[in-house]
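Data block below; observations after.
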Amino acid sequence: FSPDSSWDAAYERELQTFQDIGDAGEIWFGEESMVRIIRWLEKQKVPLDSSVLDIGTGNGVLLIELAKSGYTDLTGIDYSPSAIQLSEKVREKEGMSNIKLKVEDFLAPSAELSGFEICIDKGTFDAISLNPENAVGKRKQYVRSLCSVLKPEGFFLITSCNWTKEELLNEFREGFEILEELPTPKFCFGGRIGNSVTALVFQRK
């Protein structure tokens, strides 16, 4: 099982579906995670011209929502070329020509990927963590990449369905401090209440 090929296959399918019926496909993590991110940015009065990087943009729908909310400096990266093709089609359909989209491997980011004031991750850190090849090394590399693309004092918003708050605090303890935990839907299983999704905001030191 290589996560790369299966994601690529998933995006290939979505690309096909989009071409067939003009549907942006599955929104990973659902609508409420996008609303939660945008609300937080608005509540913090993050300026609309702040540079935003969507790490693992997938179909690019989060960037479209950010653009509709008035944000103007938006970049999405994904290591899957079919994901970027898909997000380009969604961008065209929505007429959002100012969104920048690039095929990039976040674990080896190109030099021009730097100086962002906000980085957002919905599920990409999860996917990297699931990679059977050297997951620990890849997680460390992810944190290094994040430090290189995000400005000091910049914000990092992560939504994860694999990691608890405590685990994420531990993963990002070098170079980041937690600002707040965002409320996420709770589920109840066997009488115990848990969160299936963790959403945290970090600030780069």
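Just so it is clear, the structure is predicted and the values come from calculations on it, not from any experiment.
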### Query
Taking 4.0 angstrom as the limit, do Lys68 and Glu94 come out as a salt bridge?
yes

#### Entry: ILVMFWY network linking Ile77 to Val103, side-chain heavy atoms under 4.5 angstrom
no

### Query
Which atom names give the shortest non-hydrogen contact between Val197 and Thr184, and what distance separates them?
O-OG1, 2.7 Å

### Query
Going from CD on Glu181 to CG on Leu169, what distance comes out if it is rounded to the nearest 0.5 angstrom?
8.5 Å

### Task
State, with a plain yes or no, whether a side-chain heavy atom of Arg204 is found less than 4.5 Å away from one of Lys151.
no

### Query
Crowded around Arg144 CZ? As in, over 12 foreign heavy atoms under 6.0 Å?
yes

#### Entry: Cys147 versus Glu174, closest heavy-atom pair with distance
SG-O, 4.4 Å

### Shortest non-hydrogen separation from Tyr71 to Glu42 and the atoms involved
OH-N, 3.9 Å

### Query
Is there a donor-acceptor contact under 3.5 Å from the side chain of Asp121 to the main chain of Gly123?
yes

### Query
Within the side chain of Ser145, is there an N or O that forms a donor-acceptor pair under 3.5 Å with the backbone of Phe106?
yes

#### Entry: Gap separating the CG atom of Leu74 from the CZ atom of Arg91, nearest 0.5 angstrom
11.5 Å

#### Entry: Candidate pair Leu41 and Val52, rule side-chain contact (heavy atoms from CB on, under 4.5 Å), full reasoning
CA-CA 11 Å; Leu41 295 172; Val52 179; 5.6 Å; no

### Summary
Heavy-atom nearest pair, Glu167 first then Thr164, reads OE1-N, 2.9 Å

### Query
Tell me, do Arg36 and Thr159 make a side-chain contact under 4.5 Å, heavy atoms counted?
yes

### Within-4.5 Å side-chain heavy-atom neighbours: Leu53 and Thr75
yes

### Task
Determine whether Ser160 and Leu168 make a side-chain contact, defined as any pair of heavy atoms from C-beta on separated by less than 4.5 Å.
yes

### Message
Could you check whether any side-chain heavy atom of Leu182 comes within less than 4.5 Å of a side-chain heavy atom of Val201, counting everything from C-beta outward?
### Response
yes

### Task
Please answer whether the main-chain N or O of Glu117 pairs with a side-chain N or O of Ser50 as donor and acceptor at a distance below 3.5 Å.
no

### Query
Phe172 vs Tyr142 aromatic rings, parallel, tilted or perpendicular, using cut-offs 30° and 60°?
perpendicular

#### Entry: Distance-minimising heavy-atom pair for Pro109 and Leu107
CD-C, 3.6 Å

## Note on the structure
Rounded to the nearest 0.5 Å, the CD1 atom of Ile128 sits from the OH atom of Tyr79 at a distance of 7.5 Å

### Query
Would you call Ile99 and Ile64 a side-chain contact if the rule is heavy atoms closer than 4.5 Å?
yes

### Query
Atom CD of Glu92 and atom OG of Ser87: how far apart are they, to the nearest 0.5 Å?
10.5 Å

### Query
Could you walk me through whether Leu157 and Ile118 pass the side-chain contact (heavy atoms from CB on, under 4.5 Å) check?
CA-CA 8 Å; Leu157 290 84; Ile118 290 145; 4.0 Å; yes

### Query
Do other residues, nucleotides or ligands put more than 12 heavy atoms under 6.0 Å from the NZ atom of Lys45?
no

### Basic-acidic side-chain contact under 4.0 Å: Glu112, Lys100
no

### Task
Please state whether the rings of Phe155 and Trp40 are parallel, tilted or perpendicular, taking 30° and 60° as the class boundaries.
perpendicular

### Task
Kindly assign one of parallel, tilted or perpendicular to the pair Phe156 and Phe176, based on the angle between their ring planes and the thresholds 30° and 60°.
tilted

### Query
With hydrophobic residues grouped by side-chain heavy-atom distances under 4.5 Å, do Leu179 and Ile158 end up in a single group?
no

### Task
Report yes or no: does Gln203 contribute a side-chain atom to a donor-acceptor pair with the main-chain N or O of Glu153 at less than 3.5 Å?
yes

### Task
To the nearest 0.5 Å, tell me how far Leu62 CG sits from Ile38 CD1.
6.0 Å

### Query
Judged by atom type as modelled, is there a donor-acceptor pair below 3.5 Å linking the side chain of Asp78 to the main-chain atoms of Gly58?
yes

#### Entry: Beyond-backbone contact of Leu146 with Ile55, side-chain heavy atoms, under 4.5 angstrom
yes

### Task
Look at the side-chain heavy atoms of Ile, Leu, Val, Met, Phe, Trp and Tyr, link any pair under 4.5 Å apart, and say whether Leu63 and Ile120 land in one connected group.
yes

### Query
So which heavy atom on Cys119 is nearest to which on Val149, and how close?
SG-CG2, 3.8 Å

### Close side-chain approach of Trp163 and Thr198, heavy atoms under 4.5 Å
no

### Message
I need the Phe116 CZ to Asp73 CG distance, nearest 0.5 Å.
### Response
7.0 Å

### Query
Is Leu130 linked to Phe125 within one hydrophobic cluster, defined over Ile, Leu, Val, Met, Phe, Trp and Tyr using a side-chain heavy-atom separation of less than 4.5 Å?
no

#### Entry: Working for side-chain contact (heavy atoms from CB on, under 4.5 Å), residues Thr57 and Ile84
CA-CA 8 Å; Thr57 195; Ile84 292 297; 4.0 Å; yes

### Query
Has the side chain of Lys205 got a donor or acceptor atom that lies under 3.5 Å from a matching backbone atom of Glu177?
no

### Message
Show, in sequence, the C-alpha distance, side-chain angles and deciding distance for Lys122 and Ile37, and conclude whether the side-chain contact (heavy atoms from CB on, under 4.5 Å) test is met.
### Response
CA-CA 10 Å; Lys122 302 195 320 305; Ile37 289 164; 3.7 Å; yes

